[in-house]
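We count residues from 1, following the sequence as given.
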Amino acid sequence: MNKLKILLTILLCTILLTACEEEIPLLTEADYELNQETGTTSRGIGIGSTPEDFLEAYGSYDIETSKEYGPYESIRAKDIPFTESIRTILPTFFIDGLPATIEQICTDNGIARSELLSLLSSEEYLQNHRVVYHYMIFTWEDGFITDIHSEFMDYNEDASYYEDLEAAP
């Protein structure tokens, strides 16, 4: 009876811990649309928006930050230096129309993050999957958004560009 109690306790703890894991939501393709008339995102963020507005709209998503046009890095939303000259990017890969994180893609394919570009631009992978990368870039100066770009890269149409990029010294 004691072993059964211990087993049930372990099972209950596992279920509770699994249920408590925080899952980062993913943006949809519609979230990347900019209103051409107003220059705002689907969540109402535009030129002049503040960090508070931005974080209310996007704070629970994966936000990468570039300081002084350097490489993008993950910084916790509350630690992003919005008053500096920075860029933030909201990236999402869509594999066969479904949003996926970089970590998901790497785990699903048993690869390291450094192998991601090779996988997503490989002829074999692209024959079996549709790969589109959507991203929205926000430029910040003195705590306000000064520019927004929403773009995408279709790996199935432009794979040769990525192969050339990877081969460059």
Keeping to residues at least two apart or across chains, list the ring pair (Phe, Tyr, Trp, His ring centres under 6.0 Å) pairs with something in residues 94-118.
-> Phe94-His134

For Asn128, what residues pass the side chain to side chain contact (heavy atoms under 4.5 Å, CB included) criterion, not counting sequence neighbours?
-> Glu124

Quick one: list whatever passes side chain to side chain donor-acceptor pair (under 3.5 Å) with Thr65, sequence neighbours left out.
-> none

Quick one: side chain to side chain donor-acceptor pair (under 3.5 Å) partners of Tyr32, sequence neighbours excluded?
-> Thr92

With sequence neighbours excluded, residues passing ring pair (Phe, Tyr, Trp, His ring centres under 6.0 Å) with His149 = none

Hits for side chain to side chain contact (heavy atoms under 4.5 Å, CB included) against Thr83, two or more places apart or cross-chain, chain-then-number order -> none

Any pair with a residue in residues 103-123 that passes ring pair (Phe, Tyr, Trp, His ring centres under 6.0 Å), sequence neighbours left out, goes on the list, sorted by first then second residue, please.
-> none

Who passes ring pair (Phe, Tyr, Trp, His ring centres under 6.0 Å) against Tyr72, sequence neighbours left out?
-> none

Residues which pass salt bridge (charged side-chain N to carboxylate O under 4.0 Å, His left out) with Glu103, listed by chain and number, not counting sequence neighbours = Arg113

Sequence-distant partners of Asp96, side chain to side chain contact (heavy atoms under 4.5 Å, CB included), two or more places apart = His129, Arg130

Which residues satisfy the salt bridge (charged side-chain N to carboxylate O under 4.0 Å, His left out) test with Asp142, sequence neighbours excluded?
-> none

Mind checking what makes side chain to side chain contact (heavy atoms under 4.5 Å, CB included) contact with Ser49, not counting sequence neighbours?
-> Ile45, Asp53, Ile145

